[in-house]
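A quick write-up on the structure given underneath.
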Amino acid sequence: MTTSTVDTTRELAAFLRTRRERLDPRDFALPSRRQVRRTPGLRREEVAELAGVSIDYIVRLEQGRGLRPSADVVEALAGALRLGPDERAYLFDLARRRPRNAGEPATAAAPPLARLVADLSPLPAMLMNHRYDILAWNSEMAGLLLDFETLPPTRRNAMWLCLMHPEIREFYVDRERVVREAIAHLRAAWAAHPEDRVLSGLITEFTAHDKEFARLWAERDVKVHGRGDKVIRHPLVGPITVRYEVLVPLEDPDQRLAIHRAADEESRSALELLRAR
């Protein structure tokens, strides 16, 4: 962990090592070797063979010795390590081989998107940036979670609320899954914005003050979650299962529009009751 920005060389080394150690050698058609395996996962020479690079190259990458692999090598490593689409994108970000979005991170809602959030009523909706900062919301979203206007602007952050806010901490029935998915998404954003000191500062704060975050962050899971279900314990209307969808506007790619719908009839009735109140 750094306290400022992403050290991509060190993170690339750690990510390659952890992905290699998670693989089961029995899943690969590798030549049989007599040596006893003393560590989990594939050996470095096996990854080198699968990726078509030298063993020394893999060793230097995992030792963080400043190499910057080409796009072809990154692709070969992603295939050898059987990375999923989000892990592959993360690897390309760490190697600085993926085109980046131009411009500074969004700190205010684009006016057309703010109007869209309001127009999505009665569906609960909010607008966030890649840091999970909440930039705009409608009244239904405030009713579902909390009145964001009561929070200082620096605390209008969905990740901070989930980890640190005393009420929201207990809001989700499957809390560990929700936090794990959010952290996997945040790690992808962290690699895509390596110079974002505000984001790195948030991660440092979360790591220092929340043991759950520190444990899950160290696992280096990477996954962008654009849709799914969450079960909420609402203090006024009881359990609500919401189905969320996250959309990225073409003209404002640093902003994410999160739209929530009821996942079943009981939840639909609960949301209608909240609107009526």
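We're numbering straight along the sequence, starting at 1.
- Taking both residues in full, the closest heavy atoms of L186 and R131 are given as CD1-O, 4.4 Å, listed atom of the first, atom of the second, then distance.
- At distances below 3.5 Å, at least one donor-acceptor pair connects side-chain atoms of R175 with backbone N or O atoms of C162.
- Here the straight-line distance linking atom CZ of R44 with atom OG of S54 works out to 12.5 Å at 0.5 Å rounding.
- Taking a cutoff of 4.0 Å between a charged side-chain nitrogen and a carboxylate oxygen, R187 and E11 qualify as a salt bridge.
- H234 is listed as a side-chain neighbour of F171, based on a closest heavy-atom distance under 4.5 Å.
- Remark: side-chain polar atoms of D264 are not paired, donor with acceptor, to backbone N or O of T241 under 3.5 angstrom.
- The backbone N or O of V117 lies less than 3.5 Å from a partner atom in the side chain of N138, making a donor-acceptor pair.
- One distance of note links CG of D93 with CH2 of W190; it measures 11.5 Å at 0.5 Å rounding.
- The hydrophobic cluster containing L12 also contains L23, counting ILVMFWY residues as joined when their side-chain heavy atoms lie under 4.5 angstrom apart, directly or transitively.
- Using a distance-only test at 3.5 Å, with no hydrogens or angles considered, no donor-acceptor pair links the side chain of D252 to the main chain of Q255.
- In this structure the side chain of R96 reaches within 4.5 angstrom of the side chain of P194, judged on heavy atoms.
- A salt bridge links R155 with E205: at least one charged nitrogen is closer than 4.0 Å to a carboxylate oxygen.
- Counting all heavy atoms, side chain and backbone alike, P25 lies closest to L42 at CA-CD2, 3.7 Å.
- When every heavy atom of A95 is checked against every heavy atom of V74, the shortest pair comes out as CB-CG2, 3.6 Å.
- Side-chain N or O atoms of R256 include none that pairs as donor or acceptor with a backbone N or O of V246 at under 3.5 Å.
- Residues L91 and L16 meet the side-chain proximity criterion, which asks for heavy atoms closer than 4.5 Å.
- Contact annotation: the side chain of V198 never approaches that of T107 to less than 4.5 Å [non-hydrogen atoms, C-beta and beyond].
- Ring orientation note: the planes of H193 and H130 are close to parallel, at an angle under 30° on the 30°/60° scale.
- The number of heavy-atom neighbours closer than 6.0 Å to CZ of R233, taken from other residues, nucleotides and ligands shown, is above 12.
- Electrostatic pairing of E46 and R20 does not count as a salt bridge here, judged by no charged N lying under 4.0 Å from a carboxylate O.
- The side-chain heavy atoms of L123 and E245, taken from C-beta on, include no pair separated by under 4.5 Å.
- In this structure, P124 and W137 have side chains that are not in contact, with every pair of non-hydrogen atoms separated by 4.5 Å or more.
- With values rounded to the nearest 0.5 angstrom, L120 atom CG is found 9.5 Å from E140 atom CD.
- Under the 4.5 Å side-chain heavy-atom criterion for grouping Ile, Leu, Val, Met, Phe, Trp and Tyr, M141 is connected to Y172 within one hydrophobic cluster.
- Within the model, atoms CZ of R88 and CG of L83 stand 9.5 Å from one another, a figure rounded to the nearest 0.5 Å.
- If you chain together hydrophobic residues whose side chains sit under 4.5 Å apart, L113 and F148 never meet in one group.
- For A51 against A76, the heavy-atom pair with the smallest separation is O-CB, 3.4 Å.
- Closest heavy-atom contact between G64 and A13: N-CB, 3.7 Å.
- Rounding to the nearest 0.5 Å gives a distance of 11.0 Å between CG of L145 and CD of E167.
- Note on E181 versus R177: salt bridge recorded, some NZ/NE/NH1/NH2 to OD/OE distance being below 4.0 Å.
- Stacking of R82 on the aromatic ring of F28 is recorded, both the 6.0 Å distance cut-off and the 45° axial limit being met.
- A salt bridge links E176 with R215: the closest approach of a Lys/Arg side-chain nitrogen to an acidic carboxylate oxygen falls below 4.0 angstrom.
- Closest non-hydrogen pair, A110 versus L127, comes out as N-CD2, 4.5 Å.
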Given side-chain contact (heavy atoms from CB on, under 4.5 Å), test I58 with L77 step by step and report yes or no. CA-CA 9 Å; I58 297 295; L77 289 170; 3.6 Å; yes
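- Taking hydrophobic clusters as Ile, Leu, Val, Met, Phe, Trp and Tyr residues chained together by side-chain heavy-atom distances below 4.5 Å, V224 does not share a cluster with L216.
- Linking Ile, Leu, Val, Met, Phe, Trp and Tyr residues whenever their side-chain heavy atoms come within less than 4.5 Å leaves L135 and M128 in two separate clusters.
- Between the R60 side chain and the L67 main chain, no donor and acceptor come within less than 3.5 Å of each other.
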side-chain contact (heavy atoms from CB on, under 4.5 Å) for L151 and I134? Distances and angles first, verdict last. CA-CA 11 Å; L151 298 171; I134 301 167; over 6 Å; no
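- Atom CG in L144 sits 7.0 Å away from atom CG in L274 (nearest 0.5 Å).
- The backbone N or O of A106 lies less than 3.5 Å from a partner atom in the side chain of D254, making a donor-acceptor pair.
- With contacts defined as side-chain heavy-atom distances shorter than 4.5 Å, the pair D174/V231 does not qualify.
- You'll find the side chain of M159 reaches within 4.5 Å of the side chain of I183, heavy atoms only.
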